[in-house]
Amino acid sequence: MSVTLPIYLDHNATTPVDPRVLEEMLPYFTEKFGNAASRNHQFGWAAEEAVDRARAQAASLIGASSKEIIWTSGSTESNNLAIKGGAAMYEKAPRTAESGRGHIITSAIEHKAVLDPVKRLMREGFDATFLEPPADGIVRREHVEAAMREDTILVSIMWANNEMGTLNDVPEIGALCRDRGVLFHTDATQWVGKMPTDVERDNIDLLSWSGHKIYGPKGVGALYVRRRKPRVRLVAIQDGGGHERGFRSGTLNVTGIVGFGKACELCEQEMDQDRERLLALRQKLERSIHEQLDVVQINGHPERRLPQTTNISFGFVEGESLMMGMKGIAVSSGSACTSASLEPSYVLKAIGVGDELAHSSLRFGLGRITTEQEIDYTIEQVVAAVNHLRAMSPLYDMHKEGIDISKIEWSHH
Amino acid sequence: MAYSDKVVDHYEHPRNVGSFGSTGDVKGRNDIGVGVVGAPECGDVMQLQIKVSEDGVIEDAKFKTFGCGSAIACSSLATEWLRGKSLDEGLAIKNTELVQELSLPPVKIHCSVLAEDAIRAAIDDYRHKNDSGDADASGAAGQGSETESVSQA
Ligand SMILES: Cc1ncc(COP(=O)(O)O)c(C=O)c1O
Ligand code: FES
């Protein structure tokens with residue numbers, strides 16, 4: 001068995017550009033460098049043609065039409081445009097000091113690129129509810145329904161969670177919003193390209209996704225904006241030349257868009273085989289770890305997750321030290337020690353995983369390049385590192401002595 | 001962020017891992033001082049035990065740590081430095097010396113502070129157990145309740 005180090009198991013953070021994507025992009029840096037908005041010469045036409053092709057590839061992946069795709073710089077921008085632009089368009093009028101501008105429903109496990117735009121809107125006179133899902137991490141239709149108010153104008157619920165890979169009830173929440181006439185946005189950054197998507201069937205009004213999570217380049221993304229039944233309108237948040245039908249001004253990133261389109265096409269073609277292969281590898285990883293170590297837990301729902309993602313807490317072992325022991329393997333951790341803020345994962349916290357187990361968590365994100373040999377090597381390394389650290393862990397000793405750690409009065413500092 | 005070679009070395013070959021017995025076992029032993037600082041919710045718990053000879057020399061020190069690689073390295077290094085020192089010399093170990101020796105980056109300074117706290121807590125515990133006449137000394141060393149060893153509730 002041979003593996004080449006380092007091994008990349010952090011595909012929820014970003015993915016490598018597929019060589020087929022890169023090849024498609026290259027001519028657009030040099031020979032075909034035109035501005036897609038130059039309507040009167042062939043350089044411009046070539047660029048526009050490439051952008052149109054990419055738009056069709058992106059639309060096809062999610063069951064939309066080309067006209068419903070707005071190019072952005074990534075999911076952060078797509079989310080900002082959908083949430084701020086949607087709230088500004090659909091805010092309650094007339095505005096009075098008492099009634100506020102309208103109510104937004106989102107969840108506490110969203111990416112910061114959703115949470116922070118919503119928090120800004122709150123400072124600007126909107127009201128918001130942050131749903132806390134139960135221990136399985138899944139936001140369901142009934143949670144949203146219970147939070148709905150007369151003045152609810154926007155619901156934003158992510159499709160797949162980036163830390164746990166858990167899948168929310170997006171089609172059902174979409175149906176609820178359609179019934180109530182409330183705008184529905186989903187941050188589908190971790191979902192699209194990995195799982196089949198159909199914005200018609202799934203009742204989506206606005207959907208964000210990003211090139212660098214689907215084996216395309218960084219710095220390019222898209223926002224799906226529904227055009228029919230109902231026609232969704234947004235207030236632009238960036239003013240300028242009126243590109244993208246006025247939704248998003250700025251000269252198009254033609255090379256990035258070409259890569260994004262090709263990446264979408266490849267995902268559409270290879271999704272089924274990738275899903276099956278990666279699910280088998282993820283299950284092998286989880287099963288082997290469970291067999292070889294005690295006190296481990298998978299965070300979030302055991303089955304309702306992306307096939308390629310798992311988040312595991314290893315009791316009595318701190319996550320950063322665990323990563324240090326897994327030589328040559330790149331994963332990420334919910335431990336505070338790995339974050340600049342020295343706070344453990346707010347996502348795990350929101351679903352009731354105790355701080356201690358959040359510190360002990362690792363996220364494994366498999367991807368297109370992951371091999372079975374890499375997973376076998378990873379299992380070996382994880383088990384060895386956990387055992388090495390437990391031999392040093394005062395908490396593991398206490399556990400073995402039958403002391404309940406949660407009942408000890410610790411000296412906080 | 002890359003770890004310094006010294007941190008990696010302590011992580012891979014920790015010195016003096018272990019204990020002279022569980023917290024319960026060593027409670028009644030007057031030659032042993034125990035310090036347990038930090039909290040699991042904060043992602044770091046250090047347990048330091050010192051064994052002190054009759055003439056007041058730290059003969060041996062053992063640690064167990066739940067925490068990042070830097071926290072492990074700080075506690076491992078602390079046990080090395082404590083061995084052979086008097087109690088007062090032990091109390092003179094500063095977290096900044098650990099930081100320097102291990103080339104810790106600024107975000108890891110608190111891990112070294114924790115190790116200093118553990119040293120103080122262990123020495124305080126030893127002094128409390130032994131001469132009550134020396135209470136002034138341990139009082140002077142005192143970071144007060146911050147360094148209190150854990151009590152089982
Ligand atoms: C769920 C989710 N939303 C938004 C983002 C931000 O995407 P981008 O890096 O394209 O701005 C990410 C990626 O980190 C993500 O995982
Ligand atoms: S123990 Fe958390 S950063 Fe060192």
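Just so we're on the same page: letters track the sequence lines, and every chain starts at 1. Values below: every heavy atom of this structure, side chains too, minus hydrogens, waters and symmetry copies.
No donor-acceptor distance shorter than 3.5 angstrom exists from the side chain of A:Ser393 to the backbone of B:Phe66, with no hydrogens or angles considered. Side-chain N or O atoms of B:Lys64 include one that pairs as donor or acceptor with a backbone N or O of A:Ala391 at under 3.5 Å. Of the possible donor and acceptor atoms, one in the side chain of A:Glu318 sits under 3.5 Å from a partner among the backbone N and O of B:Cys68.
Heavy atoms closer than 4.5 Å to chain B are found nowhere in A:Ala358, neither backbone nor side chain. Of the atoms belonging to B:Val45, heavy atoms from both backbone and side chain fall under 4.5 Å from chain A. Interface remark: A:Ser335 contributes no atoms to any contact with chain B (heavy atom separation under 4.5 Å). Contact of A:Lys327 with chain B is made through the side chain alone, with heavy-atom distances under 4.5 Å.
Other residues, nucleotides and ligands place more than 12 heavy atoms under 6.0 Å from the CD atom of A:Glu401. For B:Asn30, the CG atom counts as densely surrounded, since its 6.0 Å shell holds more than 12 non-hydrogen atoms of other residues, nucleotides or ligands. With a 6.0 Å radius and a threshold of 12 heavy atoms from other residues, nucleotides or ligands, A:Lys218 has its NZ atom above the threshold.
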Q: Output, in order, the C-alpha distance, side-chain angles, deciding distance and verdict of side-chain contact (heavy atoms from CB on, under 4.5 Å) for A:Ile408 and B:Val36.
A: CA-CA 11 Å; A:Ile408 294 179; B:Val36 183; over 6 Å; no
Show, in sequence, the C-alpha distance, side-chain angles and deciding distance for A:Met392 and B:Val17, and conclude whether the side-chain contact (heavy atoms from CB on, under 4.5 Å) test is met.
CA-CA 6 Å; A:Met392 284 188 243; B:Val17 177; 3.9 Å; yes
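A centroid separation of less than 6.0 Å is found between the aromatic rings of A:His388 and B:Tyr11.
Here A:Leu395 is the residue among A:Leu322, A:Leu395, A:Leu357 with the most heavy-atom pairs under 4.5 Å with chain B. Ranked by heavy-atom pairs under 4.5 Å with chain A, the list B:Gly67, B:Ala71, B:Ser70, B:Gly18 is led by B:Gly67.
Nearest heavy atom pair, residue A:Glu356 against residue B:Pro40, reads CG-CB, 3.5 Å. Between B:Val8 and A:Met324 the shortest heavy-atom distance is CA-CE, 4.0 Å.
A salt bridge links B:Lys108 with A:Glu320: the distance from a Lys NZ or Arg NE/NH1/NH2 to an Asp or Glu carboxylate oxygen falls below 4.0 Å.
Note that CG of A:Asp397 is 8.5 Å distant from OG of B:Ser22, once rounded to the nearest 0.5 Å.
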